[in-house]
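No hydrogens, no waters, no symmetry mates; every other heavy atom, side chains included, goes into these values. Here is the naming used below: chain letters follow the sequence lines, and residue numbers restart at 1 for every chain. This is a predicted model, so every value here is computed, not measured.
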Amino acid sequence: MARKLMKGNEAIGEAAIRAGCRFYFGYPITPQTEVAEYLARRLPEVGGTFVQAESEVAVPNMLYGAAGTGERVMTSTSSPGMSLMMEGLSYLAGAELPCVIVNVMRAGPGLGGILPSQGDYFQATKGGGHGDYRCPVLAPWSVQEVTDLVQDAFDLADFYRNPVLVLADGLIGQMMEPVEFQEDRRPCKALPDKRAWAARGWKGDRPRAIINSLFLDPEDLERHNRDLKAKYDAMVRDEVRFAEYGTDQDYEVLIVAYGTVARVCKTAQEDLAEAGVRVGLLRPITLFPFPYEAVRRAADKARAVLVVELSTGQMVEDVQMAVMGRRPVHFHGRQGGMLPSPEAVAEQVRAILRDHAAGPSARRRASRRGGAS
Amino acid sequence: MTELVFGRPRSLTRVPMHYCPGCTHGVIHRLIAEVLDELGLQGRAVGVAPVGCAVFAYNYFNIDMYEASHGRAPAVATGAKRTHPELIVFTYQGDGDLASIGTAEIVHCANRGEKVTVVFVNNAVYGMTGGQMAPTTLAGQVTTTSPLGRDVEQAGYPVRMVEMLAALRTPAFLARVSVHSPARIIQAKAILRRAFEYQVKGTCFSMVEFLSTCPTNWGLTPPEACRWLETHMLPYYPLGIFKTPEGPERTPAPLESLPDARGVQAVPAAAAPTGANGETGE
Amino acid sequence: MSQIVIDPEACKGCGLCVQACPQGVLTQGRDLNSKGYFYAQVTAQMRCIGCRLCCITCPDVAIRMRIHGTFYRYFQY
């Protein structure tokens with residue numbers, strides 16, 4: 001299909017259809033409601049089914065029922081709705097059910113605001129529901145990339161038999177950008193035959209399908225947890241994705257940012273380069289599994305790291321874990337839906353370099369003052 | 001040579017049920033399995049087990065099964081039925097599961113008219129967790145969380161789910177039956193079969209509420225529990241068919257209709273015409 | 001002629017079948033099964049009229065009924 005100007009939310013819906021998803025269960029919540037509206041129109045056109053649930057509490061349970069029959073299923077929501085889905089997400093992960101959940105993040109906490117934010121990083125990557133479970137988390141920085149990642153998410157979900165989250169901030173959902181869908185797109189993973197475990201009516205030709213996360217016997221549950229851990233280890237080993245900009249030549253500061261914030265930082269990087277200040281930029285695309293080695297390698301080449309987020313600092317903790325104190329890690333964040341400007345990011349970099357030029361004591365003061373709170 | 005005329009239905013596994021002695025959950029399980037066998041649905045049936053005493057139902061029904069989270073079975077059933085309408089999907093839920101935490105799920109599953117069958121077991125307490133007050137606990141009934149008896153001033157009156165759902169405009173088959181005596185069990189099976197037939201025909205949402213005993217948490221022997229159900233639960237939870245897809249709409253009419261606003265006279269309330277109630281338009 | 005067969009291991013001694021039987025064919029057992037329940041026992045087989053009420057009321061599918069010859073269906077079940 002030729003390039004087309006699409007609104008992010010609608011592009012997410014079209015990407016799901018391109019991935020073969022024919023069942024969407026959703027609930028209205030700004031700023032992602034257009035995904036539901038788009039699919040309410042489009043799904044019937046492709047013989048699919050759209051169901052508006054009574055609440056986001058019900059949505060993941062509908063996914064549970066639908067994914068349990070082996071179909072590709074999806075929902076989308078925004079931060080407060082995502083919180084209501086946490087119980088269901090834990091059950092989906094516990095019962096090893098593939099599905100895709102898109103969270104178009106808005107400012108919080110509580111009712112918060114409806115403007116973009118990245119305040120759900122911990123909830124998404126450290127498991128917002130109960131119990132030991134992890135989900136791959138993909139973070140797009142453009143409308144084109146969100147369509148690619150949504151389609152990849154379905155493949156990852158089927159391959160690992162696990163929910164997959166696509167974490168986009170409100171900008172991705174609301175922006176209009178050119179999008180191109182690859183007609184002959186091939187799955188990014190080898191897709192298993194789901195009929196072996198799907199609940200489609202037992203005719204005696206296979207073991208009964210029991211879609212379940214209850215294991216009262218502790219030995220069974222521990223074995224189950226170990227099996228799940230093996231999946232998560234495989235994700236960490238095989239599914240790390242990130243992008244690097246300007247890290248092939250020397251640079252003094254490494255910026256780490258994801259989503260649309262990384263685009264702001266890219267502009268800052270270009271502005272600084274014109275002023276002769278060399279900066280590297282590393283953009284995690286998978287927030288779980290987090291690219292720890294890549295961040296460490298890139299940080300080693302710099303004198304300091306600057307993390308920029310639309311939050312009071314969440315990914316910064318993973319960056320600190322990656323850097324392990326080998327370099328000072330500074331943080332710059334905006335909240336409430338406010339966005340950092342390229343100039344503000346560039347100013348942070350200059351401030352860091354000024355403090356470094358002033359010597360170690362100043363550096364220590366700076367990293368205490370500017371470092372992650 | 002003798003011929004077996006009553007035995008274990010094929011749709012019931014051989015796994016011994018964990019229910020307490022005399023608990024009529026087991027009877028309801030058998031009725032479902034018998035209906036599935038008789039309608040030839042075993043190969044198409046998918047059940048959704050709740051959290052509650054019936055949490056292990058997936059071990060007892062010889063079909064594909066789901067284990068849902070507490071109260072969410074109607075949503076799980078919606079997902080399964082919407083993706084594979086050829087499946088015969090039923091949920092099996094207790095009163096705590098359906099009438100308390102799962103109220104929104106059951107109301108909207110019914111209101112959307114999902115073509116699934118809900119088996120709602122009402123034994124007036126939370127069984128699995130040891131006999132706490134449920135939304136269906138009777139006024140004055142003692143439970144571990146209503147030690148002085150349910151105080152309707154504090155906890156409100158017991159919820160009658162069938163009547164509540166009957167008020168919805170969307171067509172449905174809603175009935176309440178009981179399994180506290182053989183005669184009632186025989187009756188209940190016929191009603192349950194009709195509910196599943198509506199699903200087979202794809203007609204409408206169907207729910208059958210089963211009044212059921214809980215000897216352990218009622219502190220009674222099984223036979224005493226059956227008598228307690230008859231004397232205490234039946235008056236408050238009348239048995240019968242409350243709604244059918246072919247039948248009339250069951251939405252309650254206003255107690256007092258409000259006269260047309262234009263040209264309204266100052267008519268004293270008492271003399272206001274009670275007249276025909278406002279017909280709920282399409 | 002109908003024959004009631006009770007599975008001692010499946011029976012939990014709840015007594016519902018004893019209460020349901022119109023003919024007094026069954027009694028509360030005196031023997032324990034492996035789970036420690038006094039399982040119900042058929043003590044007057046000859047009085048059985050094949051009405052199946054015991055089978056119908058048993059919550060644990062512990063009672064089977066076999067017949068030899070004609071089977072009188074007193075009701076549709």
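Neither the backbone nor the side chain of A/A95 comes within contact range of chain B; no heavy atoms are under 4.5 Å apart. With a 4.5 angstrom heavy-atom cutoff, A/T49 touches chain B only via side-chain atoms. For chain B, the nearby part of A/L216 is the side chain; its heavy atoms alone come within less than 4.5 Å. Using a 4.5 Å cut-off between heavy atoms, B/I63 contacts chain A through its backbone alone, with no side-chain atom that close. Only the side chain of B/T13 comes within less than 4.5 Å of a heavy atom of chain A; its backbone N, CA, C and O stay farther away. Contact annotation for B/N62: both backbone and side-chain heavy atoms come within less than 4.5 Å of a heavy atom of chain A. For A/Y64, the parts lying under 4.5 angstrom from a heavy atom of chain B are both the backbone and the side chain. With a 4.5 angstrom heavy-atom cutoff, A/R206 touches chain B only via side-chain atoms. In this structure, chain B has a heavy atom under 4.5 Å from the side chain of A/E87, while its backbone stays farther away. Within the 4.5 angstrom heavy-atom criterion, atoms from both the backbone and the side chain of A/R200 approach chain B. Interface residue B/A45: only backbone heavy atoms are found under 4.5 Å from chain A. Heavy-atom distances place both the backbone and the side chain of A/E54 under 4.5 Å from chain B.
Interface remark: of the candidates A/A53, A/G204, A/P207, A/G65, A/G65 forms the most heavy-atom pairs closer than 4.5 Å to chain B. For the set A/N61, A/V57, A/T69, A/L63, the count of heavy-atom pairs under 4.5 angstrom toward chain B peaks at A/N61. For the set B/K81, B/Q42, B/H84, B/H108, the count of heavy-atom pairs under 4.5 angstrom toward chain A peaks at B/H84. Comparing B/N59, B/L87, B/V46, B/L41 by heavy-atom pairs within less than 4.5 Å of chain A, the highest count is held by B/L87. By number of non-hydrogen pairs under 4.5 angstrom with chain B, the leading residue of A/N212, A/V73, A/V59 is A/N212.
Minimum interatomic distance between B/R112 and B/T170 (heavy atoms only, all atoms of both residues): C-CG2, 4.4 Å.
The pair A/R18-A/D148 does not count as a salt bridge, with every side-chain nitrogen at least 4.0 angstrom from each carboxylate oxygen. A salt bridge does not link A/R22 with A/E71: every distance from a Lys NZ or Arg NE/NH1/NH2 to an Asp or Glu carboxylate oxygen is 4.0 Å or more. Between B/K189 and B/E38, at least one side-chain nitrogen of the basic residue sits less than 4.0 Å from a carboxylate oxygen of the acidic one, meeting the salt-bridge criterion. Checked for salt-bridge contact, A/D152 and A/R185 meet the test: a charged N lies under 4.0 Å from a carboxylate O. With salt bridges taken as basic N to acidic carboxylate O contacts below 4.0 Å, one links B/R193 and B/E197.
If you look at B/Y60 and B/H18, their ring centroids are closer than 6.0 Å.
More than 12 heavy atoms of other shown residues, nucleotides or ligands fall within 6.0 angstrom of atom CD in B/E86.
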Q: Please lay out, stage by stage, how B/Q199 and B/F205 fare under the test side-chain contact (heavy atoms from CB on, under 4.5 Å).
A: CA-CA 7 Å; B/Q199 177 171 176; B/F205 170 83; over 6 Å; no
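The cationic group of A/R72 does not satisfy the cation-pi geometry with A/F154, failing either the under 6.0 Å distance to the six-membered ring centre or the 45° limit from the ring axis.
In this structure a side-chain-to-backbone donor-acceptor pair under 3.5 Å is present from A/K231 to A/R161.
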